[in-house]
Amino acid sequence: MLTSLSIQNYALIDQLSIDFTKGLSIITGETGAGKSILLGALGLVLGNRADTNTLKDTAKKCVVEAQLTITDYNLSTFFESVDLDYEAETIIRREILPSGKSRAFVNDTPVTLSVLNELKLKLIDVHSQHQTMQLSDSGFQFSILDALAKNSTKIASYQRGLKQLNVFKKDLQELETSQREANQQYDYNLHLYNELVEANLKENEQEELEEKIEKLNNVEDIKLNLSEALETGINDEIGVQNLLHTIQNNLQRIASFSKEYQELADRITSVKIEFDDIITELENASESVESNPNELEELNDRLQLIYNLQKKHYVTTISELIDIQLSLAQKVEQVENADEVIEEKKKEIAEVSKKLDEVAAMISKSRTKVIPKLQKQLEALLTELGMPNARFSISVSSSENYLTNGKDVLNFLFSANKGGSFGELKKVASGGELSRIMLSIKKVLSENMQLPTILFDEIDTGVSGEVSNKIAAIMQQMSLNMQVITITHLPQIAAKGNQHYKVFKEEINGVTTTNLKQLTEDERIVEIAEMLSGKDISDSAIIHAKELLN
């Protein structure tokens with residue numbers, strides 16, 4: 001509900017601040033007084049485009065601020081989704097700077113115009129004659145049916161399922177595309193994979209092979225050096241082993257004379273034990289070294305196979321070849337198991353589609369059920385509004401496609417004249433008729449769902465007499481469940497308001513300014529009397545105005 005509107009430096013408005021309350025609020029004023037300016041300022045704060053032409057004083061910024069009570073609109077989830085602080089009393093502010101730059105704020109948090117426009121749809125519904133073309137929009141027509149059918153929960157469930165279905169379909173498409181691409185490479189990948197499997201590669205194998213080959217290629221040199229080393233170690237006359245033995249005996253003879261000699265004896269003993277072990281290993285190594293041309297050939301062949309594979313796959317290590325083997329295994333397995341995965345995904349799609357069809361059928365059934373009630377209510381209201389021959393032909397038919405709100409195609413046809421043929425609203429209804437149809441639809445909706453504040457901008461144009469009384473009565477009934485603001489030129493409607501505001505121009509020091517004020521009871525009598533008889537207010541007009549107000 002709009003609780004206040006503040007406007008500074010906009011068009012002909014210098015500064016204006018007005019409070020609104022629940023119920024039916026009436027705005028009147030002479031032609032040219034500035035009602036359109038007021039609407040423009042409200043549109044600005046709700047996200048409409050603007051430029052510096054809207055500034056009254058081009059050296060100052062324009063500020064429009066609206067305060068709204070939003071507790072009844074279930075908007076906490078929306079505020080969270082756009083990263084805004086939710087406040088029961090929400091303030092929207094729009095600023096237009098002299099440079100032309102525009103800024104928007106919700107509860108003092110900067111927002112984009114797209115967020116503001118989303119919020120606008122949930123807070124204030126502005127209706128004028130040219131906006132009645134919304135009646136021909138199938139989305140709006142569905143919203144009417146679904147409000148009466150209480151379909152919001154079912155449609156939310158359907159939309160969750162549709163989102164999941166689209167994800168599954170996208171997954172299937174990607175799987176099938178991937179399979180086609182993989183199939184084209186399957187034979188080659190399988191060949192590469194089998195080649196690596198047959199190679200039976202092992203970590204560190206390359207280094208071991210290279211070492212063995214190096215030994216076999218230098219077997220004679222190895223033998224010679226091992227033999228000479230062994231001879232030097234065990235020669236009876238000058239061998240290191242005998243020399244160490246002699247040193248050991250010398251030190252052991254004097255070890256008992258001091259701790260220092262004992263430590264030296266122990267150390268040489270350790271050295272001799274280690275050297276004896278080296279001699280044993282030299283003997284074993286010397287005996288094991290022998291030339292083996294066949295083994296050398298086999299090792300060279302094996303190493304060459306590894307080199308060839310590395311060159312083929314543009315790598316330099318066996319670890320990289322093993323990684324490639326694992327990757328090829330996955331690609332081959334993907335192709336070999338793809339049919340199974342694809343079939344599983346198709347089953348998931350079929351299951352979700354089945355559930356969607358069930359929910360869509362329930363939505364369609366509830367829509368069909370309320371169509372007679374909707375037609376009856378609309379036709380009854382339009383009869384009151386001076387269209388006794390108005391008839392609707394509303395039906396839903398099934399579609400094979402999954403649409404955003406179900407699987408129905410809606411036919412929403414209208415006939416204004418007795419015996420006339422049915423046609424689309426925009427083709428067979430006049431502007432005045434569309435206004436009355438929109439009013440009737442909003443009346444029905446207000447009884448079945450929580451609507452935002454609605455502002456009617458002279459949708460009563462072209463009507464008078466008893467019809468205007470009926471329009472006023474409908475607006476008054478709607479205002480019992482919601483806030484209704486209407487700009488009108490009809491005294492019958494103006495008299496029905498819970499509060500009455502007047503837009504007027506005044507000239508101060510040669511400057512024309514638009515203002516808005518709330519009228520007192522006495523001022524309302526004068527305003528309505530003026531609407532009845534013009535500037536020269538007669539006594540009978542005053543009496544009539546009082547009667548209307550009572």
Side-chain angles (χ1 to χ4, degrees), residues 178-245 270-341:
S178 178
Q179 185 190 29
R180 283 194 297 271
E181 293 172 353
N183 281 337
Q184 294 171 359
Q185 297 292 322
Y186 175 73
D187 291 338
Y188 182 58
N189 287 337
L190 181 62
H191 166 72
L192 294 178
Y193 171 69
N194 288 335
E195 192 175 50
L196 289 171
V197 169
E198 290 170 7
N200 193 25
L201 300 169
K202 298 178 180 62
E203 292 282 358
N204 303 319
E205 181 183 8
Q206 183 176 347
E207 292 80 1
E208 293 172 1
L209 284 170
E210 289 171 344
E211 183 179 322
K212 287 180 181 180
I213 290 171
E214 187 70 14
K215 285 173 65 176
L216 286 172
N217 281 332
N218 297 279
V219 66
E220 294 302 327
D221 194 31
I222 292 170
K223 268 191 169 187
L224 176 62
N225 283 280
L226 285 175
S227 177
E228 289 181 357
L230 192 59
E231 176 64 22
T232 303
I234 63 175
N235 187 280
D236 289 339
E237 296 179 3
I238 60 169
V240 175
Q241 199 171 38
N242 285 335
L243 292 174
L244 287 173
H245 183 69
S270 295
V271 171
K272 187 174 182 302
I273 291 171
E274 176 66 18
F275 191 75
D276 288 345
D277 189 55
I278 290 171
I279 292 299
T280 301
E281 290 193 20
L282 279 173
E283 289 172 342
N284 293 335
S286 182
E287 290 174 4
S288 65
V289 174
E290 60 180 22
S291 177
N292 190 336
N294 291 333
E295 182 184 5
L296 180 60
E297 185 179 358
E298 290 174 2
L299 292 174
N300 275 319
D301 289 345
R302 176 67 176 171
L303 187 60
Q304 189 59 50
L305 172 64
I306 292 172
Y307 288 159
N308 291 342
L309 289 172
Q310 288 173 344
K311 183 178 179 181
K312 187 173 190 175
H313 293 281
Y314 301 100
V315 296
T316 57
T317 66
I318 286 182
S319 294
E320 290 172 305
L321 285 176
I322 291 173
D323 289 342
I324 290 170
Q325 181 179 327
L326 292 173
S327 175
L328 287 168
Q330 291 175 350
K331 291 178 180 179
V332 169
E333 184 180 5
Q334 179 185 348
V335 175
E336 293 175 345
N337 296 333
D339 289 342
E340 182 180 339
V341 175

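Index from 1, following the sequence. Computed from a prediction, not measured in an experiment: that's the story for all the values here. For the numbers below, each heavy atom of this structure counts, side chains included, while hydrogens, waters and symmetry mates do not.
Inter-residue side-chain proximity for H313 and L192 is flagged as met; some heavy-atom pair is nearer than 4.5 Å. Between E298 and D301, every side-chain heavy-atom pair lies at or beyond the 4.5 Å cut-off. A 4.5 Å side-chain heavy-atom check between L321 and Q310 finds at least one atom pair inside the cut-off. Within the 4.5 Å cutoff, side-chain heavy atoms of E274 are placed close to those of I278. The side-chain heavy atoms of D277 and I273, taken from C-beta on, include no pair separated by under 4.5 Å.
In E211, the CD atom is not crowded: 12 or fewer heavy atoms of neighbouring residues, nucleotides or ligands sit closer than 6.0 Å. Counting non-hydrogen atoms of other residues, nucleotides and ligands closer than 6.0 Å to NE2 of H245 gives a total of 12 or fewer. Residue K212 places its NZ atom among 12 or fewer non-hydrogen atoms of other residues, nucleotides or ligands, all under 6.0 Å distant.
The distance from atom CD1 of I318 to atom CG of D323, rounded to the nearest 0.5 Å, is 12.0 Å. Atom NZ of K215 is separated from atom CG of N217 by 12.5 Å, given to the nearest 0.5 angstrom.
With sequence neighbours excluded, the residues forming a side-chain contact (heavy atoms from CB on, under 4.5 Å) with S319 are E203, T317, listed by chain and number. In this structure, the side-chain contact (heavy atoms from CB on, under 4.5 Å) partners of E210, at least two apart in sequence or on a different chain, are Q206, L303, Y307.
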